[in-house]
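Heads up: the structure comes next, in structure tokens.
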Number of protein chains: 2
Amino acid sequence: MKDKVLIRMRNWIAESGLVKGERLPPERALCETLGVSRAELRKANLVLEAEGVLERHVGRGTFLSKAPRPVNGHDAIERTISALAESTGPVEAMQARLALEPELAKLTALHGTPMQLRKMRQLASAMRAAPSWGAYEVLDSEFHEAIAAASGNSLLLALHKILNGVRLTVVWRRLNTSDGGPEASYHSFDEHDAILNALEQRDGAAAEAAMQAHLKSTLSMMGAASSPL
Amino acid sequence: MKDKVLIRMRNWIAESGLVKGERLPPERALCETLGVSRAELRKANLVLEAEGVLERHVGRGTFLSKAPRPVNGHDAIERTISALAESTGPVEAMQARLALEPELAKLTALHGTPMQLRKMRQLASAMRAAPSWGAYEVLDSEFHEAIAAASGNSLLLALHKILNGVRLTVVWRRLNTSDGGPEASYHSFDEHDAILNALEQRDGAAAEAAMQAHLKSTLSMMGAASSPL
DNA sequence: GGACGTAATATGGTCAACCAAATCAAAAAT
DNA sequence: ATTTTTGATTTGGTTGACCATATTACGTCC
């Protein structure tokens with residue numbers, strides 16, 4: 001893809017240890033290092049030059065012109081969430097959760113610490129007493145994120161944060177947060193408990209199945225058809 | 001000098017009266033209007049595209065962007081990749097793939113179009129002939145992204161792009177790209193074929209299993225212990 | 001040994017030819 | 001008469017060859 005080289009060039013710069021004013025390797029060398037054609041590298045560098053990141057001089061070389069902007073991971077993730085929420089509907093978000101969260105639950109059954117499991121229990125309890133749907137959704141979001149956090153994989157946690165953020169954004173759009181919260185018989189309560197029971201039993205398959213059942217139940221409550229198998 | 005074409009292109013756009021989403025004249029016509037070479041015009045348009053001002057599509061033309069959001073999202077994803085790659089090791093990236101990519105393969109068996117499957121076949125073939133590990137990794141990345149793209153869920157595709165971007169970044173750190181490429185007996189080749197066979201048979205469970213086997217195989221090649229079940 | 005001039009080499013820049021994707025028009029099939 | 005297929009054309013994308021600028025190496029002179 002055409003943006004791939006640009007991404008890789010950004011990363012190369014970030015990891016190069018070069019300081020402002022220092023000279024990059026020649027294009028002909030760097031394009032081999034990156035495994036791209038020189039023309040593709042030049043395109044990426046053209047964009048970076050336009051952004052003020054690089055300065056390029058014929059016969060002299062390419063130089064880092066300014067300190068690269070520090071990459072703030074939290075900001076980047078927030079922006080990513082905002083952008084994705086613009087092109088994601090509630091059902092699609094739900095289906096994406098169905099792909100990822102059972103896998104997370106499976107890993108959490110293996111990797112979750114007692115402290116992390118206790119926190120999930122507290123969140124599940126708090127959800128039963130949620131005074132509004134708004135409060136419920138926040139707690140639910142935290143519950144699911146706590147599961148992801150206990151998966152033992154920071155990259156999966158980050159991916160889940162994005163997924164969770166998109167989902168929460170999409171949900172907030174149509175939620176009347178001043179409504180009274182869920183009834184005591186709300187289906188998710190028992191489903192959360194089933195997930196937690198499996199996690200506490202360290203039963204990965206049961207945790208995965210419980211999470212699947214929970215998300216499918218929620219998906220069907222949304223009036224969405226099940227996947228046409 | 002080199003910024004003159006960019007400035008002239010900006011002015012041309014401002015004075016064109018074109019509305020968001022409208023199509024610009026073809027490059028070959030517009031470069032004559034501006035009195036510059038097509039290559040020079042293309043450089044200017046590359047920068048404007050990176051800024052989100054223009055959208056360029058092969059065979060269709062160049063358009064004034066409807067909204068800057070897509071590039072904002074793209075930029076945010078790039079930054080997210082950069083940030084996450086700083087805190088992710090190769091094994092962790094691999095394990096995250098193991099959580100997500102079999103699920104994607106399962107969905108792709110259901111949703112993938114014949115054209116998308118053909119593209120994967122082409123990529124798998126190209127990988128067998130990769131002249132270097134660097135080229136192989138790029139093709140492999142594209143292969144796995146093609147699978148994610150065929151899953152039918154744009155949010156999962158975005159998550160996979162992040163995962164794939166992190167993975168590629170992490171891999172590049174330790175890859176000697178000038179090495180000769182993989183041998184004909186490299187294990188991933190047959191594993192890719194097994195995945196594709198399952199996808200073409202529309203067998204979701206087989207696709208999921210084949211992807212799991214492929215990723216586990218790669219993970220074990222990395223010298224990592226399997227998950228301690 | 002140092003200064004100067006020239007040639008060779010290195011580095012980024014440009015371009016015409018060709019490639020890849022999409023659209024349109026004409027021919028063939030139903 | 002309508003639909004589908006095929007070929008031609010249009011449009012943006014890529015690449016190797018060559019160009020323009022800067023640096024380095026070498027030879028000559030003092």
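Each chain gets a letter, A, B and so on, in the order its sequence line appears, and its residues count up from 1.
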Which atoms of nucleotides 4-6 of chain C (N or O only) lie under 3.5 Å from a protein N or O atom, and what are those distances?
none

Quiz prompt | Qualifying residues under side-chain hydrogen bond (donor to acceptor under 3.5 Å, both in side chains), relative to A:S141, sequence neighbours excluded | solution = A:N164

Quiz item: Which residue pairs pass the side-chain hydrogen bond (donor to acceptor under 3.5 Å, both in side chains) test when at least one of the two sits in residues 201-211 of chain B, sequence neighbours left out?
Solution: none

Quiz item: Does A:K43 have a side-chain nitrogen or oxygen under 4.0 Å from the phosphate oxygens OP1 or OP2 of D:dG13?
Solution: no

Practice problem: Sequence neighbours left out, what passes ring pair (Phe, Tyr, Trp, His ring centres under 6.0 Å) with B:Y186? Give chain and number order. | Solution: B:W133, B:Y136, B:F189

Quiz item: Nucleotide by nucleotide, 5' to 3', does protein get under 4.0 Å of the base (B), only the sugar-phosphate (S), or neither (-) in nucleotides 4-11 of chain D, counting heavy atoms?
Solution: -------B

Quiz prompt | Counterpart residues, side-chain hydrogen bond (donor to acceptor under 3.5 Å, both in side chains), relative to B:R10 (two or more places apart) | solution = B:E51

Quiz item: Taking only residues two or more places apart in sequence or in another chain, which ones pass side-chain hydrogen bond (donor to acceptor under 3.5 Å, both in side chains) with B:N11?
Solution: none

Practice problem: Check whether any side-chain nitrogen or oxygen of B:S37 sits under 4.0 Å from OP1 or OP2 of C:dC15, and answer yes or no. | Solution: yes

Quiz item: Using a cut-off of less than 4.0 Å, is there contact between a side-chain N or O of B:R42 and OP1 or OP2 of D:dG13?
Solution: yes

Practice problem: State which residues pass side-chain hydrogen bond (donor to acceptor under 3.5 Å, both in side chains) with B:R42; sequence neighbours excluded, sorted by chain then number. | Solution: B:E27

Quiz prompt | Sequence-distant partners of A:H144, ring pair (Phe, Tyr, Trp, His ring centres under 6.0 Å), two or more places apart | solution = A:H192, A:H214

